[in-house]
Amino acid sequence: MPANLTPEYFKAERWFREATTTDEKILALEQMLSVMPKHKGTDHLKADLRRKLSKLKEAPAQKAKGKHVDIFHIPRSGAGQIALIGTPNSGKSSIVSALTNAKVNVADFPFATTAPIPGMVTFEDVPIQLVDTPPITADFISPGQVGTYRNCDVIGIVIDLSADVSEQLGICLDFLESRSLLIDVETEAVDEHGNALAKRAFFICTKSDIAEDGAIEKLRQSCKYDFELVGISTRTGAGLDKLSAMFFSLLGLIRIYAKPPGKPADMSDPFTLPAGANVMDLASAIHRELAGKLKFARIWGTGVYAGQNVQRNHILNDKDIIELHFS
Ligand SMILES: Nc1nc2c(ncn2[C@@H]2O[C@H](COP(=O)(O)OP(=O)(O)OP(=O)(O)O)[C@@H](O)[C@H]2O)c(=O)[nH]1
Ligand SMILES: [Mg+2]
């Protein structure tokens, strides 16, 4: 073992050991190489890691092994997926239980949750998927759990306000940063296909009914990131409406109601699109072939007069009603 290996290196090495997929192993090896101190003593190790890396990159894509199911891969459904992270007993399952119909295990002992479980939250008329997860600790995280976070849109960091907030913060950030899962890291981390690895994150501060005095201020002071934060109690229901609204706003979505010409709009089932989407994006979301035939649209909503004709590149706003006209 060469001297002068840094804590960053050992973190990346641990990531490598715990990785359960080839993609994740490649990311970890690249991280090990990038943080390795540059001196003669590390030449051997560097060559060894490079060999491992090229072997992994050349390996044919892993074949699906029989009936193997990755329990940490939660297929996405709804308008977006939020995955929770937190230390044991922080209240993750209680949140999922309070906001969804999912059958999760709420218990007064730690490690009650052993696998991710999705549930569906409804914010106004938008279904949003919320994923309960097993706890993480400084020493242990279920191998494969990183996959749950890779696959989600936004990470909710659950902090118990009645316990040591700095310790919980340290454990969560250590894990998320060492796996390049946080969007605020200095370098924009991407995988080999150019997809961003980092996710938006925010704080869900639980047990506000029995919070230590000044716990939220302490959390803010201990954290170098300016994450959005909401205080909640699943006991009293405080903050839960705000939490659902925050899911929607952090997903960065807009709702658009489609209106067939001459008929009222279907106001019960909006299309959800990324903020900044235009009329053409809506047409593509309805049907790819339709998009090519789009002539113009009429719109009722923000910044336009009722029924105004707009072009394909008109930027849409949340809750706009659109009538598409095709050639
Ligand atoms: N007073 C109070 N207790 C809560 C609140 N939320 C959760 N609890 C209690 O905290 C304990 C742990 O809750 P869980 O939701 O099971 O915690 P968890 O984070 O899922 O725990 P693990 O599955 O071990 O990771 C239970 O006894 C809950 O009843 C809250 O808002 N206020
Ligand atoms: Mg749980």
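Ligands are counted one by one from 1 in listed order, and the atoms in each one are counted from 1 as well.
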Counting non-hydrogen protein atoms only, what is the nearest one to [atom]? Give residue, atom name and distance.
atom	answer
atom 31 (O) of ligand 1	T234 N, 2.9 Å
atom 2 (C) of ligand 1	R235 CG, 3.3 Å
atom 8 (N) of ligand 1	K207 CE, 3.7 Å
atom 25 (O) of ligand 1	K92 NZ, 2.7 Å
atom 12 (C) of ligand 1	N89 OD1, 2.9 Å

Any N or O of [X] that comes nearer than 3.5 Å to an N or O of ligand 1?
X	value
S94	yes
A107	yes
P134	no
F111	yes
T206	no
V106	no
T133	no
S208	no

Do [X] and [Y] touch side chain to side chain, with heavy atoms closer than 4.5 Å?
X	Y	value
K55	R51	no
F203	E228	no
S90	I159	no
R150	E24	yes
C223	L173	yes

Indicate if the distance from the Mg ion (ligand 2) to the nearest N, O or S atom of N105 falls below 2.8 Å.
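Looking at N105, which is the residue asked about, there is no N, O or S atom under 2.8 Å from the Mg ion (ligand 2).
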S93 near the Mg ion (ligand 2) via N/O/S, less than 2.8 Å
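Within the cut-off used here (under 2.8 Å), S93 does place an N, O or S atom near the Mg ion (ligand 2).
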Apply side chain to side chain donor-acceptor pair (under 3.5 Å) to the pair N317 and T302, showing each step before the final yes or no.
CA-CA 6 Å; N317 288 292; T302 310; 4.6 Å; no
At a 4.0 Å threshold, what atoms of ligand 1 neighbour a non-hydrogen atom of [X]?
X	result
S233	31 (O)
P110	24 (O)
S93	15 (O), 18 (P), 20 (O)
P88	24 (O), 25 (O)
G91	13 (O), 14 (P), 15 (O), 17 (O), 18 (P), 19 (O)
I210	1 (N)

Pair T133-T148, side-chain donor/acceptor within less than 3.5 Å
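No donor-acceptor contact under 3.5 Å links the two side chains.
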Value rounded to 0.5 Å, distance of CZ in R298 from CD1 in I322:
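Result: 11.0 Å between the selected atoms.
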If you draw the axis of the six-membered ring of F248, does the NZ or CZ of R255 fall within 45° of it and under 6.0 Å from the ring centre?
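Geometry flag: set, cation within 6.0 Å and 45°.
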Result of checking V310, D320, I256 against V279 for side chain to side chain contact (heavy atoms under 4.5 Å, CB included)
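Considering V310, D320, I256, a side chain to side chain contact (heavy atoms under 4.5 Å, CB included) with V279 is found only for V310.
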Of the options L130, V104, T100, V121, which is the one that meets I95 in a side chain to side chain contact (heavy atoms under 4.5 Å, CB included)?
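So the option named by the test is L130.
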Under the side chain to side chain contact (heavy atoms under 4.5 Å, CB included) criterion, do E13 and L5 qualify, and how do the steps go?
CA-CA 11 Å; E13 189 185 62; L5 289 176; 6.0 Å; no
Under 4.0 Å, heavy atoms only, figure out whether ligand 1 is touched by the backbone of D209, its side chain, both or neither.
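Looking at D209 and ligand 1, just side chain atoms fall under 4.0 Å.
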Proximity to ligand 1 by part of T113, non-hydrogen separation under 4.0 Å
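Near ligand 1, T113 shows its backbone as well as its side chain.
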What pair of heavy atoms forms the shortest contact from P75 to Q81, and how long is it?
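Closest heavy-atom pair between P75 and Q81: O-NE2, 4.0 Å.
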Using the rule salt bridge (charged side-chain N to carboxylate O under 4.0 Å, His left out), only one of R179, K25, K11 pairs with E18; which is it?
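That would be R179; it is the only one of R179, K25, K11 passing the salt bridge (charged side-chain N to carboxylate O under 4.0 Å, His left out) with E18.
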